[in-house]
Every structure is written in C-alpha cells, then in structure tokens.
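Contents: one structure, followed by commentary.
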Amino acid sequence: MKNRLARVILGVITLILFTGIFFLSDSQHWPAHVTIGLTIILFVIINVGFTCLFWQSRKHYLNEEEEN
C-alpha cells in the first residue's frame, strides 16, 4: 500500500516538475538545449525513482516467499 502511494506521489511530482521546466524555460527564454538537457536529467532521475520503488516491492514479495 505504501508503495502505491509513493508511486502516485512520484507521478504527481513528475508532472509538476516537467510542466514547471517548460513554463520556466518559456518565460525565461532559455535555449532549447538547456531545456532538453534538464528534461533528460529529470527523466533519468524519475526513472531511477520508479525503479527503486519497483525493486522495493519485488524485494518485499521475495522476502515473503522465503519465509513461507
């Protein structure tokens, strides 16, 4: 249950951050390569977060299998 809540929270934060990057880059007139670079970095960080959440849920499941 905690893992699902963390996924939802991470998803909402992701949406806010991606939208924020594009609004900020538009209002500050950043070059395209800066916006693309920040988007790629954010994409990698978010994917690492989702991978960690997946691994934690899988680890919990495997630990339960070993106990039984």
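Keep in mind that the numbers below use all heavy atoms, side chains included, and drop hydrogens, waters and symmetry copies.
Remark: the backbone N or O of Phe22 is not paired with any side-chain donor or acceptor of Asp26 at under 3.5 angstrom.
Residues Leu5 and Phe50 fall within the same hydrophobic cluster, defined by Ile, Leu, Val, Met, Phe, Trp and Tyr side chains chained together at heavy-atom separations under 4.5 Å. Ile9 and Leu42 fall within a single hydrophobic cluster, where Ile, Leu, Val, Met, Phe, Trp and Tyr are joined by side-chain heavy atoms under 4.5 Å apart, directly or via other members. Hydrophobic clustering (side-chain heavy atoms under 4.5 Å, transitive across Ile, Leu, Val, Met, Phe, Trp, Tyr) groups Leu24 together with Leu38. Hydrophobic clustering, with ILVMFWY side chains joined whenever heavy atoms are under 4.5 angstrom apart, keeps Val34 apart from Ile45.
Here the shortest heavy-atom pairing between Gly49 and Leu10 reads C-CD2, 3.8 Å.
When the shell of 6.0 Å around CZ of Phe54 is examined, it contains 12 or fewer heavy atoms from other residues, nucleotides or ligands.
Within the model, atoms CH2 of Trp55 and OG1 of Thr51 stand 11.5 Å from one another, a figure rounded to the nearest 0.5 Å. We find the OG1-CD1 distance between Thr39 and Ile46 to be 11.5 Å, quoted to the nearest 0.5 Å. Atom OG1 of Thr35 is separated from atom CD1 of Ile21 by 8.0 Å, given to the nearest 0.5 angstrom.
Between Ile13 and the choices Leu15, Ile16, Leu17, the side chain to side chain contact (heavy atoms under 4.5 Å, CB included) rule is met once, by Leu17.
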